[in-house]
Protein chains: 2
Amino acid sequence: MSGSAPATGPQRQTRQRAAVQSALAGRMEFTSAQQLHDLLRQQGTAIGLTTVYRSLQALADSGQVDLLVTDEGQTLYRQCSAEHHHHLVCRDCGRTVEIAGPAVETWADAIAEEHGFSEISHTIELFGRCSSCTAGTG
Amino acid sequence: MSGSAPATGPQRQTRQRAAVQSALAGRMEFTSAQQLHDLLRQQGTAIGLTTVYRSLQALADSGQVDLLVTDEGQTLYRQCSAEHHHHLVCRDCGRTVEIAGPAVETWADAIAEEHGFSEISHTIELFGRCSSCTAGTG
DNA sequence: TTTGGTGCAAAACCTTTGCATTAGG
DNA sequence: CCTAATGCAAAGGTTTTGCACCAAA
């Protein structure tokens, strides 16, 4: 299965890095680097866009953050539990539900071996409209 | 489920459009617009990159071609059967197997409704190393 | 002090758009 | 003839990189 990197964490604790982590912790939705940068600036945190990108990369590398790529090729980040899992994302409000789907994992492995493939990794994301957005749809 | 577009096909048959379709038909792997453009140029076909992009968009719109976005945000295209399905891609040689996985569809719908989500769509791609590449690696 | 972190500006990258020209029907 | 399609060049957007400066340990 997709081996997790050695996770060579950051070596120095800085104000900026803490800010990124905390901003991410405060959001339940997948967020882009630029959005995060805007949020931080708005709340008065002085930080450069470059640093936000680098911090997010570091966090993703060390497995503290999950990332997904949108249809438009934009990368979104979200603080997640370390275990492998997938997401069910509301395409209206962005609300996200983590899904630990042993069923799919099994399915994926079975399909793969059936076709002689090994070292399997997979990308599985579900998108839909949550109950709130379906009800009050603005 | 993700509704398929009305598929308003191209209105004029042109040399370039035919070239793109044929080039795509000749490849079993997911290919980027730029790669396709290179291939066409190499085989002596005069065609602009812009036209390749536009042709691929049209083909994708009309459902004659499947597309996926890589981790780096690049869009890859591949000629596919029209029915909804997923892919098992060899990360070494690019060999691709189409997978019609009613099992996952069911799973996805179940998970979604369980959480009150509707209008579900999903992204599911499997990556691995095929038998040829595992055996003769190199 | 030492060296990783920061941030601006500029580059790199893929993709889309404007507009004059070409060619399919 | 009429207008969609083409293609160049330029713009658009996100992400990365170069380099001088700053600050954590």
> Hey, does B:Val20 have a side-chain heavy atom less than 4.5 Å from the side chain of B:Leu40?
yes

> Are the side chains of A:Trp107 and B:Val104 in contact, using a 4.5 Å heavy-atom criterion?
yes

> To the nearest Å, how far apart are B:Ile47 CD1 and C:dA23 P?
14 Å

> Would you indicate whether B:Arg27, at its atom CZ, is surrounded by more than 12 heavy atoms from other residues, nucleotides or ligands within a distance under 6.0 Å?
yes

> Please report, rounded to the nearest Å, how far the C1' atom of D:dG13 is from the CG atom of A:Asp71.
16 Å

> Can A:Ser62 and A:Gln64 be counted as having a side-chain donor-acceptor contact under 3.5 angstrom?
yes

> For B:Glu72 and D:dG13, what is the distance between atoms CD and C1' respectively, to the nearest whole Å?
17 Å

> Atom pairs, N/O to N/O, protein against nucleotides 14-16 of chain C, distance under 3.5 Å?
unit_1 : atom_1 : unit_2  : atom_2 : d
C:dT15 : OP1    : B:Thr75 : N      : 2.8
C:dT15 : OP1    : B:Thr75 : OG1    : 3.2
C:dT15 : OP2    : B:Tyr53 : OH     : 2.6
C:dT15 : O5'    : B:Tyr53 : OH     : 3.4
C:dT16 : OP1    : B:Gln57 : NE2    : 3.1
C:dT16 : OP2    : B:Gln57 : NE2    : 2.7

> With sequence neighbours left out, what residues match A:His37 under ring pair (Phe, Tyr, Trp, His ring centres under 6.0 Å)?
none

> When you compare the side chain of B:Glu98 with that of B:Arg78, does any pair of heavy atoms fall below 4.5 Å?
yes

> One character per nucleotide, please: for nucleotides 19-25 of chain D, 5' to 3', B when the base has a protein heavy atom closer than 4.0 Å, S when only the sugar-phosphate does, - otherwise.
----BBS

> Which other residues belong to the hydrophobic cluster containing A:Tyr53, where Ile, Leu, Val, Met, Phe, Trp and Tyr are joined when side-chain heavy atoms lie under 4.5 Å apart, directly or via other members?
A:Leu49

> Contact between A:Leu24 and A:Leu56 at the side-chain level, heavy atoms closer than 4.5 Å - yes or no?
yes

> Measure the shortest side-chain to side-chain distance between B:His85 and B:Ile99 over non-hydrogen atoms and say whether it is less than 4.5 angstrom.
no

> With a 4.5 Å limit on heavy-atom distance, are the side chains of B:His122 and B:His86 in contact?
yes

> Distance check needed: D:dT14 P versus A:Leu36 CG, whole Å only.
14 Å

> Using a 4.5 Å cut-off between side-chain heavy atoms of Ile, Leu, Val, Met, Phe, Trp and Tyr, which other residues end up in the same hydrophobic cluster as A:Leu76?
A:Phe30, A:Leu68, A:Val89, A:Phe127

> Nearest whole angstrom, please: distance from the P of D:dA5 to the CD of B:Gln21.
13 Å

> Whole-Å distance between C:dA23 P and B:Arg17 CZ?
16 Å

> To the nearest Å, how far apart are A:Leu56 CG and C:dT6 P?
12 Å

> Taking the axis from the first five pairs and the axis from the last five, what angle separates them in the helix from C:dT1-D:dA25 to C:dG25-D:dC1, rounded to 10 degrees?
30°

